[in-house]
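Since we're looking at a predicted model, the values are computed, not measured.
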Amino acid sequence: MKAYNILYSRRKTIAIYVTEDASVEVRAPLGVSKREIDRIVASKQDWIAQQRSLRIAHTAARDAFALHYGDTVLLRGKEYPIEARDEGRIGFDGACFYLPPDLPPEEIKRVVTQIYRDVAKELFTRVAVYYAGKMQVTPLAVKVTGAKTRWGSCSGKGSINFSWRLIMADDDVIDYVVVHELAHIKELNHSARFWAVVASVLPDYKRRKDTLKALQARLAKEDWD
């Protein structure tokens, strides 16, 4: 049996996690014996091995991730090429991401990220203004962040924030995340009332929400840090 870490807490059940570095973590209630934990871990060996293989593969893919001229990147659900131009400017013209020539891969990634942020700020603000009018709410501010684990958030004061990575999603998915955060201005929770607000604007929000999973899977294999 492979080694694993145990974290005891005032929980009621035992849970097994495979972390980002492919190590195994067991979260257990206070007082559960090591023998019992060993038994449960042993019964989950096939699942653990599968999850560790996935983690290792994701890590290898992220470590190998690099951008070069001619590669394509995702924007609003579509792939666009990265092209070199001698103009000395950077941007997105509707057909490609254009950058100065002779940049190394790490600099290409940095510049493409900046373009993503610029496009995201303009689009997210425009979409937020549109839906805020329909929902009769007024966000304090619309901000673009570098959040890695959340597509969006809403502060208690009504400031809504979006990860720049969301700009890779389809427009209807972007709309869903924007409406989701605007709905929090009315209901700062995930109660039935909150989801009723979302559904009143986007009746098919569940389909849009599910589509985000494909983008999450892709980004797990790409190093945009």
Side-chain angles (χ1 to χ4, degrees), residues 1-65 74 113 143-157 159-169 173-174 176-199 205-225:
M1 185 183 305
K2 293 186 178 295
Y4 58 86
N5 298 317
I6 304 175
L7 295 177
Y8 291 101
S9 65
R10 295 183 181 278
R11 57 183 296 126
K12 295 182 179 180
T13 59
I14 293 176
I16 302 173
Y17 296 87
V18 177
T19 62
E20 289 292 334
D21 63 358
S23 61
V24 179
E25 179 179 286
V26 178
R27 301 178 188 177
L30 296 171
V32 174
S33 69
K34 178 68 163 49
R35 178 178 295 180
E36 175 64 8
I37 294 172
D38 282 345
R39 183 190 67 78
I40 292 175
V41 171
S43 73
K44 298 291 185 179
Q45 281 302 299
D46 289 346
W47 177 85
I48 291 170
Q50 181 186 48
Q51 294 302 309
R52 292 189 76 250
S53 294
L54 288 173
R55 288 292 191 189
I56 291 168
H58 284 173
T59 299
R62 285 176 62 84
D63 289 345
F65 179 71
L74 197 59
T113 298
K143 299 178 181 179
V144 173
T145 74
K148 300 175 185 178
T149 59
R150 303 179 70 178
W151 296 112
S153 61
C154 177
S155 73
K157 295 182 179 180
S159 176
I160 55 176
N161 312 287
F162 303 100
S163 169
W164 64 263
R165 294 165 177 79
L166 180 63
I167 199 63
M168 299 182 193
V173 174
I174 293 173
Y176 159 69
V177 177
V178 171
V179 169
H180 182 116
E181 300 312 329
L182 288 171
H184 277 311
I185 296 177
K186 290 187 173 181
E187 297 286 340
L188 199 58
N189 51 54
H190 286 109
S191 64
R193 291 193 304 273
F194 166 81
W195 290 113
V197 172
V198 175
Y205 77 86
K206 291 182 180 179
R207 175 191 63 80
R208 300 173 188 238
K209 181 181 179 181
D210 287 343
T211 305
L212 272 173
K213 294 177 182 178
L215 180 56
Q216 287 173 324
R218 172 168 174 163
L219 291 181
K221 301 176 183 178
E222 298 181 353
D223 181 11
W224 286 99
D225 293 347

Requested in this report: Quick one: closest heavy-atom pair of Ile160 and Cys154, and the distance?
Outcome: CG2-SG, 4.0 Å
Report task. Check whether any side-chain heavy atom of Leu166 lies under 4.5 Å from a side-chain heavy atom of Leu212, and answer yes or no. Result -> yes
Query raised in the report: Less than 4.5 Å apart, any side-chain heavy atom of His180 and any of His190?
Result: yes
Requested in this report: Give me the ring orientation class for Trp224 and Trp164: parallel if the planes are under 30° apart, tilted from 30 to 60°, perpendicular past 60°.
Outcome: perpendicular
Query raised in the report: Do the non-hydrogen side-chain atoms of Ser159 and Lys143 ever get within less than 4.5 Å of each other?
Result: yes
Requested in this report: Give the C-alpha distance, both sets of side-chain angles, the deciding distance and a yes or no for side-chain contact (heavy atoms from CB on, under 4.5 Å) between Tyr176 and Thr211.
Outcome: CA-CA 10 Å; Tyr176 159 69; Thr211 305; over 6 Å; no
Give every donor-acceptor pair under 3.5 Å between a side-chain atom in residues 146-153 and any protein atom, sequence neighbours left out.
{"from": "Lys148", "atom 1": "NZ", "to": "Asp225", "atom 2": "OD1", "distance (Å)": "3.4"}
{"from": "Ser153", "atom 1": "OG", "to": "Asn161", "atom 2": "ND2", "distance (Å)": "3.2"}

Query raised in the report: Do other residues, nucleotides or ligands put more than 12 heavy atoms under 6.0 Å from Arg193 CZ?
Result: no
Query raised in the report: Heavy atoms, side chains only, cut-off 4.5 Å: are Asp38 and Arg35 in contact?
Result: no
Report task. Would you mind reporting whether Ile48 and Gln51 have side-chain heavy atoms less than 4.5 Å apart? Result -> no
Requested in this report: Would you check if Val177 and Phe162 make a side-chain contact, meaning some heavy-atom pair closer than 4.5 Å?
Outcome: yes
Report summary line: Value for OG1 (Thr19) from CG (Asn5), rounded to nearest 0.5 Å, stands at 8.0 Å
Query raised in the report: How are the rings of His184 and Phe194 set relative to one another: parallel (under 30°), tilted (30 to 60°) or perpendicular (over 60°)?
Result: parallel
Report task. To the nearest 0.5 Å, tell me how far Glu25 CD sits from Tyr17 OH. Result -> 8.0 Å
Query - Whether over 12 other heavy atoms sit under 6.0 Å from Lys44 NZ - result: no
Query raised in the report: Partners of Ala49 by side chain to side chain contact (heavy atoms under 4.5 Å, CB included), sequence neighbours excluded?
Result: none
Query - Heavy-atom closest pair, residues Ala169 and Ile174 - result: O-CD1, 3.5 Å
Query raised in the report: In terms of heavy-atom contacts, does CG of Asp46 have more than 12 from other residues, nucleotides or ligands at under 6.0 Å?
Result: no
Query raised in the report: Within the side chain of Arg52, is there an N or O that forms a donor-acceptor pair under 3.5 Å with the backbone of Ala22?
Result: yes
Query raised in the report: Ile40 versus Val26: any side-chain heavy-atom pair under 4.5 Å?
Result: no
Report task. Rounded to the nearest 0.5 Å, what's the gap from OH on Tyr205 to CZ on Arg208? Could you check? Result -> 12.5 Å
Query raised in the report: Does some side-chain heavy atom of Tyr4 sit less than 4.5 Å from a side-chain heavy atom of Ile16?
Result: no
